[in-house]
Amino acid sequence: MTVRVRFAPSPTGFLHIGGARTALYCHLYAKAKGGSFVLRIEDTDLERSKREYEVAMIEDLLWLGLENNEGPDKGGDFGPYRQSERVEMYKELAQQLVAEGKAYPCFLTDDELEKLTLQAQEEKKSPHAYHGKYRDLDPVEAQKRIEAGETHVIRFKNPGKKYTFTDLVRGEVTFPEDMVGDFVILRSSGMPVYNFCCVIDDWKMEMTHVLRAEEHLNNTVRQLMIYEAFNVLPPEFAHCSLLVGEDRQKLSKRHGATSVIQYRDQNFLPQALMNYLCLLGWSHPEEKDIFTLEEVIPIFDLSRFNKSPALYDIEKLRHFNGEHMRRLSSADLMAYLVPTIPEGHAFHAQSNEWKETCLEFFKEKINIPSELPEQLNVLFSTESETGEAVDEVLAWESTASIKEYIKSEVAKMNDSFISEEKFNEFTDHCKKELKIKGKFLFKGLRLALTGMAEGPDLKVVIPLTPIEVMKKRLGL
RNA sequence: GCUCCCAUCGUCUAGUCUGGUCUAGGACACCGCCUUUUCACGGCGGUAACAGGGGUUCGAAUCCCCUUGGGAGUACCA
């Protein structure tokens, strides 16, 4: 049997980090088994679902390298792939359950429901203990009330027994008889709810595996009941751990940047995000930590999931970005970093050869692109640092004499840059003629030539610094 | 409240199923040293964990029970 795995987001916002991780696992598992990765849009919440979010999610998924085989964007044999376009089928199937006595109309109003819930709580019973008030109402009577226009929902008749299933991540999980009550499957508006659509679609779309986050674990019992009611074998379930924030609570907007699009905007590398997310709850069999999607597909399996929730740590993501960036070819590195440097920056005025040398050098010093402009200051800034540490160095006579010497040398030059050879000549002269050595020499040179007390290797930095900048620094 | 799930360094984790090779390994962060100036990279080294208590066993991070802690769910959200 071909493995079929679906990612089924609600288009109520941008794709978030947690969703991206779930999508990644679904994609990885489907591909590892040579199966299909299906995208299904769960938009039965008409109030909050927006088509623009669906479009944005598909874009983000594509950016991450998680291309689907079927979905609303590309069709397939099991469409439509938007739940809002499958409503008639859900309604029919819900009515079928009513006809079979497995579901029933319920006329409880919001107020009544609230009272019953409160009453149950006071009596120390489950909150849903009295939600089945209409479960035994005579169907003829019920039909009359419906025809009279009374608002109602359709509730599923809980068979009232224990349910056990084997979760591919968690092992055997058992839910007690009274875990849930008679739950709603059709709203008063006629719109079906998540737990119902989800089952119908996973069944009709012939899903073999359902990979999702732990927040859905408790939903599984309701879904198991519905599969049973239709006499359909459920798919395999795998509930991976939750992603949490600093406070150990489920990751959400209030934890900062949690939308994929924010990382795209900040120019993170998609392969780095995927690599990092993959390792949040799953481990590589050889404990490798830097890898690509292609590398991990053949070895991906469900047995290496960790059951505890994982904390999302942006610091570590930055590190992963750096690792992936440093593995880029020169051409890819250029394509990646050049567009991230602000327009109008003097960087852009340089030759391609210069840019390449420059980026190859500075990639060692940064993890994410936004750290680059500050690094570039050592080549372009004409400001001089102040502060105690610098003042102390400035007091050294050597700095003044070095500066004076180099100023006279540079004034004679017509080149665009000070070559490395030229810089070595300067250094030799300072050493031999000016008799300066050790840290006085290098600190002095650095301060005289860059205006900074510390920074990257001068042998690399000086030949990359445009002569106009250098002249300005020397007061020429 | 009730139900379900979880529990190894600050964080992500390996090891747990198939007890001994674990004085618990790796990674991020942090600290130190080296790389004949600095920073970074790299290399080397360091700080740092089996939640607690009972069992079972010759032997437990690994198996069992309890406690504690954390999380999720308990919707006409998904």
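Each chain gets a letter, A, B and so on, in the order its sequence line appears, and its residues count up from 1.
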Next on the checklist: Check this for me: does the side-chain of A/S126 come within 3.5 Å of the base of B/C2 through a donor and an acceptor?
Outcome noted: no

Next on the checklist: For a salt bridge (charged side-chain N to carboxylate O under 4.0 Å, His left out) check, start with the C-alpha distance between A/E215 and A/K250, then their side-chain angles and the critical distance, and finish with the verdict.
Outcome noted: CA-CA 9 Å; A/E215 55 190 316; A/K250 188 163 77 168; 2.9 Å; yes

Next on the checklist: If you only use heavy atoms from C-beta on, which nucleotide in B/A14, B/G71, B/C76 is closest to the side chain of A/D110?
Outcome noted: B/C76

Checklist outcome for this item: Under a 3.5 Å limit on both distances, the Watson-Crick or wobble mate of B/C50 is none

Checklist entry - Does NZ or CZ of A/R145 lie under 6.0 Å from the centre of the six-membered ring of A/F107, at an angle within 45° of the ring axis? => result yes

Next on the checklist: So if I apply the ring pair (Phe, Tyr, Trp, His ring centres under 6.0 Å) rule between A/F347 and each of A/W354, A/F362, A/F380, which one comes out positive?
Outcome noted: A/W354

Checklist entry - Is the A/H239 ring parallel, tilted or perpendicular to the A/F237 ring (thresholds 30°, 60°)? => result parallel

Checklist entry - A/D43 has an atom CG; how far is it from atom P of B/A78, in whole Å? => result 10 Å

Checklist entry - NA contact type, A/K125, heavy-atom cut-off 4.0 Å: base, sugar-phosphate, or nothing? => result nothing

Checklist entry - Among B/U11, B/C76, B/A78, which nucleotide sits nearest the side chain of A/L311? => result B/U11

Checklist entry - If we take the P atom in both B/C33 and B/G73, what is their distance in whole Å? => result 49 Å

Item to check | Under 3.5 Å donor-acceptor pair, A/N219 side-chain atoms to B/A78 base atoms | outcome: yes

Checklist entry - Which nucleotide, in any strand shown, forms a Watson-Crick or G-U wobble pair with B/U62, with both distances under 3.5 Å? => result none

Next on the checklist: On the nucleotide B/C12, are OP1 or OP2 found under 4.0 Å from the side-chain N or O atoms that A/R21 carries?
Outcome noted: no

Next on the checklist: When the P atoms of B/U23 and B/U18 are compared, how many Å lie between them, rounded to an integer?
Outcome noted: 22 Å

Next on the checklist: Over all strands shown, is A/G171 touching base, sugar-phosphate only, or nothing at heavy-atom distances under 4.0 angstrom?
Outcome noted: nothing

Item to check | Counterpart base for B/A72, defined by Watson-Crick or G-U wobble contacts under 3.5 Å | outcome: B/U3

Next on the checklist: Testing A/Y25, A/F300, A/Y276 one by one against A/W282 for a ring pair (Phe, Tyr, Trp, His ring centres under 6.0 Å), which residue passes?
Outcome noted: A/F300

Checklist entry - Does NZ or CZ of A/R40 fall inside the cone over A/Y81's six-membered ring, less than 6.0 Å from its centre and within 45° of the axis? => result no

Next on the checklist: Using a heavy-atom cut-off of 4.0 Å across all strands, would you classify A/H216 as base, sugar-phosphate, or nothing?
Outcome noted: base

Checklist outcome for this item: To the nearest angstrom, the CZ-P distance between A/R222 and B/A78 comes to 12 Å

Item to check | Donor-acceptor contact below 3.5 Å, side chain A/N321 vs main chain A/N367 | outcome: yes

Item to check | C1' spacing across the pair B/G26 / B/A48, given as an integer number of angstrom | outcome: 14 Å

Next on the checklist: Suppose you measure atom C1' in B/G20 against the same atom in B/G59; what distance do you get, rounded to whole Å?
Outcome noted: 6 Å

Item to check | A/T220 side-chain N/O to A/L217 backbone N/O, donor-acceptor pair under 3.5 Å | outcome: yes

Checklist entry - In whole angstrom, what separates A/Y312's OH from B/U13's C1'? => result 18 Å

Checklist entry - In terms of side-chain heavy atoms of A/D457, which of B/G71, B/A40, B/U38 is nearest? => result B/U38

Checklist entry - Can any side-chain N or O of A/S419 pair as donor or acceptor with the backbone N or O of A/K422 at less than 3.5 Å? => result yes

Checklist entry - So, the side chain of A/S259 versus the backbone of A/I261: is there a donor-acceptor pair under 3.5 Å, distance only? => result no

Protein-nucleotides 25-32 of chain B N/O pairs under 3.5 Å:
unit_1 : atom_1 : unit_2 : atom_2 : d
B/G25  : N2     : A/E287 : OE1    : 2.7
B/A27  : O4'    : A/D289 : OD2    : 3.4
B/A27  : N3     : A/K316 : NZ     : 2.9
B/C28  : OP1    : A/H319 : NE2    : 3.4

Item to check | Side-chain donor or acceptor of A/N267 paired with backbone N/O of A/T340 under 3.5 Å | outcome: no

Item to check | Identity of whatever pairs with B/U16 - Watson-Crick or G-U, under 3.5 angstrom | outcome: none

Checklist entry - Can you say whether the rings of A/H429 and A/Y405 are parallel (under 30°), tilted (30 to 60°) or perpendicular (over 60°)? => result parallel

Next on the checklist: Donor-acceptor pair, distance only, cut-off 3.5 Å: does the side chain of A/R155 make one with the backbone of A/A103?
Outcome noted: no

Next on the checklist: When the P atoms of B/A51 and B/U16 are compared, how many Å lie between them, rounded to an integer?
Outcome noted: 16 Å

Next on the checklist: Classify A/R318 by what it touches in the nucleic acid, base, sugar-phosphate, or nothing, heavy-atom distance under 4.0 Å.
Outcome noted: nothing

Next on the checklist: Taking only the P atom of each, what is the distance from B/U13 to B/G55 in whole angstrom?
Outcome noted: 33 Å

Item to check | Whole angstrom value for the distance that separates C1' of B/A75 from CD of A/E42 | outcome: 16 Å

Next on the checklist: Heavy atoms only, 4.0 Å cut-off, all strands: where does A/R446 land among base, sugar-phosphate and nothing?
Outcome noted: base

Checklist entry - For B/U56, which nucleotide is its Watson-Crick or G-U wobble mate, given both distances must be under 3.5 Å? => result none

Mind listing the N/O atom pairs, protein and nucleotides 4-8 of chain B, below 3.5 Å?
unit_1 : atom_1 : unit_2 : atom_2 : d
B/C5   : O2'    : A/R170 : NH1    : 2.6
B/C5   : O2'    : A/E214 : OE2    : 3.3

Item to check | Base paired to B/C44 (Watson-Crick or G-U; both N/O distances under 3.5 angstrom) | outcome: B/G32

Checklist outcome for this item: note: A/L242, atom CG; B/G73, atom P; distance rounded to Å ~ 8 Å

Next on the checklist: Measuring to OP1 and OP2 of B/G71, would you say a side-chain N or O of A/Q249 lies under 4.0 angstrom away?
Outcome noted: yes

Checklist entry - NA contact type, A/R304, heavy-atom cut-off 4.0 Å: base, sugar-phosphate, or nothing? => result sugar-phosphate

Next on the checklist: If you assign A/E215 and A/P192 each to the RNA chain B nucleotide with the nearest heavy atom, which residue ends up on the more 5' nucleotide?
Outcome noted: A/E215

Item to check | Nearest-Å distance once atom C1' is located in both B/A24 and B/C9 | outcome: 10 Å

Next on the checklist: Heavy atoms only, 4.0 Å cut-off, all strands: where does A/S283 land among base, sugar-phosphate and nothing?
Outcome noted: sugar-phosphate

Item to check | Whole-Å gap separating C1' (B/U11) and CG (A/L251) | outcome: 14 Å

Checklist entry - Where the side chain of A/P127 is defined as all heavy atoms beyond and including C-beta, which of B/U38, B/G1, B/A14 is the nearest nucleotide? => result B/G1

Checklist entry - For atom P, what is the distance between B/G43 and B/A27, given to the nearest Å? => result 9 Å

Checklist entry - Hey, does A/T12 reach any base, or is it just sugar-phosphate, or nothing, if we go heavy atoms under 4.0 Å? => result nothing

Next on the checklist: Base, sugar-phosphate or nothing for A/V184? Non-hydrogen atoms, less than 4.0 Å.
Outcome noted: sugar-phosphate

